[in-house]
Structures are given as structure tokens and as C-alpha cells.
Amino acid sequence: MEEEAVGLGHGDEILWKSNIPPLLLLLIPILFSTIFILRSHLKKKNKPTFPLPPGPWKLPIIGNIHQLAAFSAGVPIHRRFADLAEQYGPIMHLKLGETSNVIISSPESAREFLRTHDQNFAARPYLPSADIIFYGSKDIAFCSEGDYWRQMRKILTMELLTDKRVKSFRPILEAEASKLMNLIGSEPAGGVVNLSRLLVSVGNAMTSRTAFGKIRGLEGSFLPVIHRILQALGGFSVGDIFPSNRLLRLISGTERHLKKLHQEADVILQGIIDEHVSRRRNRETEHLDKAVATGGEEEEDLVDVLLACTDNHLEVKAVILDIFLAGGDTSPVTVEWAMSELMKNPEKMNKVQREVREMFDKRGKVVDDACFNELHYLKSVVKETFRLHPPVPLSIPREGRETVVINGCQIPAKTRIIVNSWAIGRNSSHWTQPDQFIPERFLNSSIDYKGNDFQLIPFGAGRRMCPGMNYGIFVVYLLLANLLYHFDWKLPNQIKPQDLDMSEDSGGTVPRKNNLYLNSIPYHAP
Ligand code: HEM
């Protein structure tokens, strides 16, 4: 066979002169394509096909929505998922609108998804509602996995929420905790306080001060918007389960509502950034002199730190929204549940108060955070509260990048993965008397909530695990230790402990359905 290049044509084109007949030349690609198609067909035939995970029967278009809606009137969605998982298993498939979802309800399956296949499931699905609120998913919690997420998460973990930074916020957090104790202490002895409301407001004050520093007046403007955004993002909105159908979002009014909320938040956040930028400029001018005089560092808030990391104001605003939405009420809600369980179980209340009081009575009658680590029973109370009442019972959904087979089931690419940490915490194969509040179960156990023990994962696990854990947990200990040290608590109106209502609300973060009202009797006046 003889072939020769005969020269260069137009541009870089090379013309070949060949002795092979033209018909044969045409047949070669056809032959190759046929072999390729046959081979892939045979491969598919030989490859075992795996079913989707089991799940309830589905209706066209809406899938399983009717099973959730019809039976769940008044039942929080994590409980409804847990009921269905009893029937269909810990890896359960649900079609919600046009989205395919897998609900994880056991420690073993959580380990498979969040550890063995963590990389594959590290992405977040596209949620139109989060996209509108977070400047095109420019935040950390809802942006998909990739360079942007890696870079922003690094800023959060290496700059914003390090142990050192959390320590630097301690005076602010302690001051807010003291203010709360003084407020409760100013009630006449035995006065009834709405502890739920007070906890939410101290949580917001703590987040505002660590994020924005000394900017005042946000309680009246920003926090109500945050509250409305939380309500709009919690649960499964029509827009998010039919993400490709914009018409539905328009007709249902959800898009207009979310855009309005986004604009309200944006105006306030931009104002805060402008103020920080101008303060920074002034500080830089002043600093030249000050630095020489003091050689000291100035107190920075989270917006300062973010502005030093990026000039992109959209990114700063999206991350600040994350901090408020993901971190604002999770700690207060944990304390609210811990106090509720302790009120329901007076002997546990006595035990934990004894421990806390013995410790701080010796330490000048002040709650000193340096000893939190030595309060073993308090730590067990917090773990037991996370087990029974994880504040975020359904994790933020993840999305599979590639199709994988887990436990003999096929999990197609793009499936949304939702981990039900509430069901996992009450799994009867791992916990004895799973519905009872028994902090003692943690006293001689190494099980922790840090993402390695899959039977207790209130902060998630794997690459998308909560980066705010250190901050969140510090706030929980600080508030709980103060409440337990400074006051004795009684249920009002002669409610008996066993009759205390423990109904849960619904939403992304799940607090009590009804506020917790308690009588406070000072033990050691704050
Ligand atoms: C008791 C307190 C808290 C609890 C129980 C909690 C729980 C969670 C959970 C369950 C997730 C989802 C993890 C996953 O997808 O596997 C999460 C994510 C997240 N949390 Fe928290 N959180 C708390 C406090 C905080 C605080 C204080 C902040 C910030 C100051 C924060 C910021 C975030 C962010 C940014 C994400 C998204 C991480 C990512 O997608 O890479 N959280 N949190």
C-alpha cells in the first residue's frame, strides 16, 4: 500500500494521495462504528442492571408528593420520612416532582454515602430558591462542589471559624450571655420567662456582633428578613422540586416572593459592607500612627475578615447570609431542646446542675469556659440532645455526580441525597431505649458528634460537613452552663414534667412547636 503526501493545501491542510479504492475508504468508518455499537450493546447486556432503591409507588408528574402531603398534615417531614423508611428501608427512593431523591436513615448507609462515596456526593443540587437568595448560589452551603466552593470553604475554615478566631469572639459571646442572665434575673423571683424567644434573640445578637461588629439597629431590619428567608427556604418548595419549570415558579408566586426577600436583604447587606469599607479606609489612615504607638492589633469582625479575603462584594454578602441562615438559630434551638428534656427529666436536671454548680462555685461563682471540657455530664446532656433533637434533622441535599451502586441498588447521577439524622439518632439497632433521654449512655462511650461516628451526625459528615461546629458548640455550652448555674427552673401553671409538650415545628432548623415558658428562681444572682 503506497501513500504519499503531495503538498500543503490552503492553510495547514494536508492532502493525501492514496491507492485504496474510495468505496473501501468509506466502508472502514462504517465497519468501525458497527463494531463499536455492537460492543457497547454487548457490554450493556452482560453488565448486571441494578434496581433503584425501594420506595413507595409513584404517581405520574408528582411522584411521591401525595404520600408526604396526604399523611403528613401536622407531622414534620423528618418524621414522615422515618415512618416510610421503616417500611422501605434505610436507603429509600422518593420521586418528588421531577427530582429523584434518596433518603438515608441508618448509620451504615450514611457511612456508605458520606464516607465511602463522599467525593461522588459532595455536590449540591441546583435549587432555584437558594440560587435567587444567594446571588446565584455564591454562598458555601448551596454552591455546587468545585474550585469556587473549595476556595470559599477554605476562607471560612482557615480564616473565619478557626479555633483562634472563635476564641477571639469569646468576650463578645460571654457579654451577650451575661446580658441574657441579667435580663432573666431582673424578672421578679418565680417570674415566667419565654425562654424560647430569649434564646433566639441572644443567638441573633451573638451572630450580629461577631459578623458585623458594632453596627446597631439590625434587630429591627435585618433579622426579620433573615427569619422570612429561613421560612421560605425550609422544606420542599414547588420551585425546587420542579427546578426546570420556571412557569410554575412564576404562577405560584414563589419567584417573586424570593426576589423581594433577596432585594430587602441585599440593601441592608450592601449598607453594612459600605460602612465597613469606609471604616477600613479611615482605620488604615489612622492605623499608620496607631501602629507605631501601640503595635497592637485591632478587633475585627467577620465582614472585615471577608473583605480582606475578597474584593467581590457579592461573595461577601452571600457568605454573610450563610452565616446567619446556617448558624443563627441552630445553637439556640439546641439549648431550647436541652432545657425541655431536662425539665421533663428532673433527676437529670438535678444531676447536671450539681455538676455545673460544684465546678463554678469553686471558680469564684462565674461560668468559666475554660472548664467546659471537664463537665462530663453536661457534655453527655448536649450529645443526648443532639441525638434526639438534631437542630437540622434533614441535611442540606447533596447530589451524585456519577451513577454508583450501593447495597445492590443503583443511585443514578444527579440523584439528590438527603440524610435523616433524626431517624439515625433514634435507630433501635444502635441505641437502646432510643426515644428516652438518657445522657448516661455517653458517659463511658467514645461516640462523638464530629462526623466519625455515623450514629450521631448532627453536623453531617464528610467534605460538606458543617464548618461552624466549633463556634456552634461553644455557644451551646456557654448558654446552657449559664442557665443551669444561675437559676433553678420550674414548669409554670403546675404542668407536670411528663405532660410537657414536646411537639416539633417544621423547617430547615426544627425548634419546639410551642415556646418553652419557665419560672426562673435565682440560685446565684448573675
Ligand atoms: C449547633 C449548631 C449547628 C448545627 C447542628 C449545624 C448543622 C449543619 C448541618 C447538618 C449541615 C449540613 C452538612 C452536610 O451537608 O453534610 C451544615 C452545613 C453548614 N453549616 Fe452548620 N450547623 C451549626 C452551626 C453552624 C454555624 C455557627 C455556622 C457558621 C457560622 C454554620 C455554617 C454552615 C455552613 C456554611 C454549612 C455548609 C457547608 C458546605 O456546604 O460546605 N453552621 N450545618
Side-chain angles (χ1 to χ4, degrees), residues 78 104 110-111 113-115 118 121-125 127 130 134 137-146 148-157 159-162 165-166 169 173 199 203-204 206-211 233 301-303 305-306 315 318-338 382-383 385-399 416-422 424-425 449-451 454 456-480 508-511:
H78 56 271
I104 308 300
R111 175 185 288 276
F113 282 80
L114 305 182
R115 171 147 307 158
D118 182 28
F121 295 109
R124 300 277 190 216
L127 300 176
F134 294 103
S137 307
K138 284 248 170 319
D139 67 320
I140 295 159
F142 291 97
C143 77
S144 200
E145 197 230 4
Y148 178 76
W149 168 75
R150 261 186 289 280
Q151 183 201 336
M152 295 310 279
R153 189 165 164 121
K154 202 165 150 200
I155 293 179
L156 201 67
T157 49
E159 302 285 343
L160 288 184
L161 297 173
T162 56
R165 185 80 59 190
V166 173
F169 291 139
L173 301 176
L199 285 169
N204 283 328
M206 285 174 166
T207 315
S208 297
R209 282 196 60 192
T210 46
L233 289 184
D301 59 42
L302 293 182
V303 176
V305 182
L306 275 169
E315 293 172 5
V319 174
I320 289 295
L321 274 179
D322 249 2
I323 290 172
F324 271 89
L325 292 168
D329 60 353
T330 34
S331 300
V333 163
T334 310
V335 178
E336 185 195 38
W337 282 117
V382 171
K383 284 183 188 172
T385 306
F386 277 138
R387 183 185 72 78
L388 283 173
H389 308 280
V392 186
L394 298 178
S395 69
I396 309 169
R398 303 201 181 187
E399 185 180 85
R416 292 182 182 182
I417 310 300
I418 298 171
V419 179
N420 189 348
S421 56
W422 183 90
I424 289 174
Y449 43 69
K450 296 183 179 165
F454 285 84
L456 185 68
I457 46 171
F459 295 95
R463 292 154 210 240
R464 299 296 297 232
M465 187 181 164
C466 176
M469 185 176 68
N470 287 345
Y471 179 100
I473 205 77
F474 179 75
V475 171
V476 169
Y477 282 130
L478 184 66
L479 290 174
L480 199 52
T509 310
V510 172

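In listed order, ligands and their atoms are each counted from 1. The structure presented is a predicted model; accordingly, all values stated were derived computationally and were not measured.
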Among all the protein's non-hydrogen atoms, which is closest to [atom], and how far away is it?
{"atom": "atom 43 (N) of ligand 1", "result": "C466 CB, 3.1 Å"}
{"atom": "atom 34 (C) of ligand 1", "result": "P467 CD, 3.5 Å"}
{"atom": "atom 32 (C) of ligand 1", "result": "A326 CB, 3.5 Å"}
{"atom": "atom 29 (C) of ligand 1", "result": "L161 CD1, 4.0 Å"}
{"atom": "atom 26 (C) of ligand 1", "result": "G327 CA, 3.3 Å"}
{"atom": "atom 10 (C) of ligand 1", "result": "P458 O, 3.3 Å"}
{"atom": "atom 30 (C) of ligand 1", "result": "I323 CG2, 3.8 Å"}
{"atom": "atom 13 (C) of ligand 1", "result": "R464 O, 3.2 Å"}

Does an N or O anywhere in [X] fall below 3.5 Å from an N or O of ligand 1?
{"X": "R463", "answer": "no"}
{"X": "T334", "answer": "no"}
{"X": "R398", "answer": "yes"}

State, with a plain yes or no, whether a side-chain heavy atom of [X] is found less than 4.5 Å away from one of [Y].
{"X": "D118", "Y": "R398", "answer": "yes"}
{"X": "L478", "Y": "M206", "answer": "yes"}
{"X": "V510", "Y": "V333", "answer": "no"}

So which heavy atom on [X] is nearest to which on [Y], and how close?
{"X": "L161", "Y": "Y471", "value": "CD2-CB, 4.3 Å"}
{"X": "L456", "Y": "F386", "value": "CD1-C, 4.2 Å"}
{"X": "H78", "Y": "N420", "value": "O-ND2, 3.0 Å"}

Winner among [options] once heavy atoms are compared against [atom]:
{"atom": "atom 38 (C) of ligand 1", "options": "H389, R153, R150, M469", "value": "R153"}
{"atom": "atom 28 (C) of ligand 1", "options": "G468, G508, G460", "value": "G468"}
{"atom": "atom 23 (C) of ligand 1", "options": "T330, L325, I473, V476", "value": "T330"}

Keeping the roles fixed (side chain from [X], backbone from [Y]), state whether a donor-acceptor pair exists under 3.5 Å.
{"X": "D139", "Y": "D322", "result": "no"}
{"X": "R124", "Y": "C143", "result": "no"}
{"X": "T207", "Y": "G203", "result": "yes"}
{"X": "S421", "Y": "P393", "result": "yes"}

### Task
Just jot down the ligand 1 atoms closer than 4.0 angstrom to any heavy atom of L156, in number order.
35 (C)
### Task
Run the numbers for me: atoms of ligand 1, each under 4.0 Å from some heavy atom of Y471, listed by number.
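Heavy-atom distances to Y471 below 4.0 Å select 27 (C).
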### Message
Whether R150 and E145 form a salt bridge (side-chain N of Lys/Arg under 4.0 Å from carboxylate O of Asp/Glu) is what I want to check.
### Response
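Yes, E145 and R150 are salt-bridged.
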### Query
Contact between F142 and ligand 1, counting heavy atoms under 4.0 Å?
no
